[in-house]
Amino acid sequence: QGNAAAQLYLGIMHTKGQGVSPDYVEAYKWLILASLKDNQTFATEFKKVLVQVMTKEQIIEAKKQAEEFVSKINKGNEP
């Protein structure tokens, strides 16, 4: 629903596996989305740490998923 703080926490939760299975692609996607909003500085710093343990393919996939998410939101569709 566009809540940057929630997006940031989802990214952190998926990184650490808190309440969910660790998933770096999902984590990076949520951090990208959070960085587009109010939590730009913290999300950007967290992304810098996360990319050190991700493959290039994972990063590309996360960016693709983030773009698809934003596109659906912009069209008025619920992802």
Side-chain angles (χ1 to χ4, degrees):
Q1 294 181 358
N3 185 313
Q7 292 168 339
L8 178 63
Y9 290 123
L10 281 169
I12 293 168
M13 290 172 65
H14 281 284
T15 300
K16 295 182 176 185
Q18 294 177 321
V20 295
S21 297
D23 184 336
Y24 293 152
V25 171
E26 191 71 9
Y28 199 78
K29 175 188 88 173
W30 286 113
L31 292 170
I32 290 170
L33 296 169
S35 69
L36 297 174
K37 304 279 184 175
D38 300 330
N39 286 307
Q40 185 174 15
T41 302
F42 189 74
T44 300
E45 291 303 314
F46 207 85
K47 286 190 312 182
K48 288 178 185 177
V49 173
L50 190 56
V51 297
Q52 295 176 4
V53 296
M54 295 176 71
T55 65
K56 288 181 184 180
E57 292 80 14
Q58 288 175 313
I59 295 167
I60 291 168
E61 179 61 25
K63 289 179 180 180
K64 177 184 164 197
Q65 288 182 19
E67 288 175 11
E68 290 172 353
F69 186 92
V70 170
S71 178
K72 286 180 183 179
I73 295 298
N74 289 339
K75 290 180 182 177
N77 298 325
E78 211 39 49

Do Met54 and Tyr28 have side chains that approach each other closer than 4.5 Å (heavy atoms only, starting at C-beta)? yes
Work out which heavy atom in Gly11 is nearest to a heavy atom in Ala27; give both atom names and the distance. O-CB, 3.3 Å
Side-chain heavy atoms under 4.5 angstrom apart, residues restricted to Ile, Leu, Val, Met, Phe, Trp, Tyr: same cluster for Leu31 and Met13? no
May I have all residue pairs that pass salt bridge (charged side-chain N to carboxylate O under 4.0 Å, His left out) and include part of residues 16-27, sequence neighbours excluded? Glu26-Lys29
Output, in order, the C-alpha distance, side-chain angles, deciding distance and verdict of side-chain contact (heavy atoms from CB on, under 4.5 Å) for Phe69 and Ile32. CA-CA 11 Å; Phe69 186 92; Ile32 290 170; over 6 Å; no
Checking Val53 now: which residues fulfil side chain to side chain contact (heavy atoms under 4.5 Å, CB included) with it, not counting sequence neighbours? Tyr24, Leu50
Short question: side chain of Ser71, backbone of Glu67 - any donor-acceptor pair under 3.5 Å? no
Here the pair of heavy atoms bringing Ala43 nearest to Ala34 is CB-CB, 4.1 Å
Side-chain heavy atoms of Phe42 within contact of Ile12, under 4.5 Å: yes
Taking only residues at least two apart or on different chains, which pairs with a member in residues 44-63 satisfy salt bridge (charged side-chain N to carboxylate O under 4.0 Å, His left out)? Glu45-Lys48
List the steps, then state whether side-chain contact (heavy atoms from CB on, under 4.5 Å) holds for Leu36 with Val70. CA-CA 10 Å; Leu36 297 174; Val70 170; 4.1 Å; yes
Mind checking the NE2-CG spacing from His14 to Leu10? Nearest 0.5 Å is all I need. 5.5 Å
With side-chain contact (heavy atoms from CB on, under 4.5 Å) as the criterion, how do Leu33 and Trp30 come out once you've worked through the C-alpha distance, each side chain's angles and the decisive distance to 0.1 Å? CA-CA 5 Å; Leu33 296 169; Trp30 286 113; 3.7 Å; yes
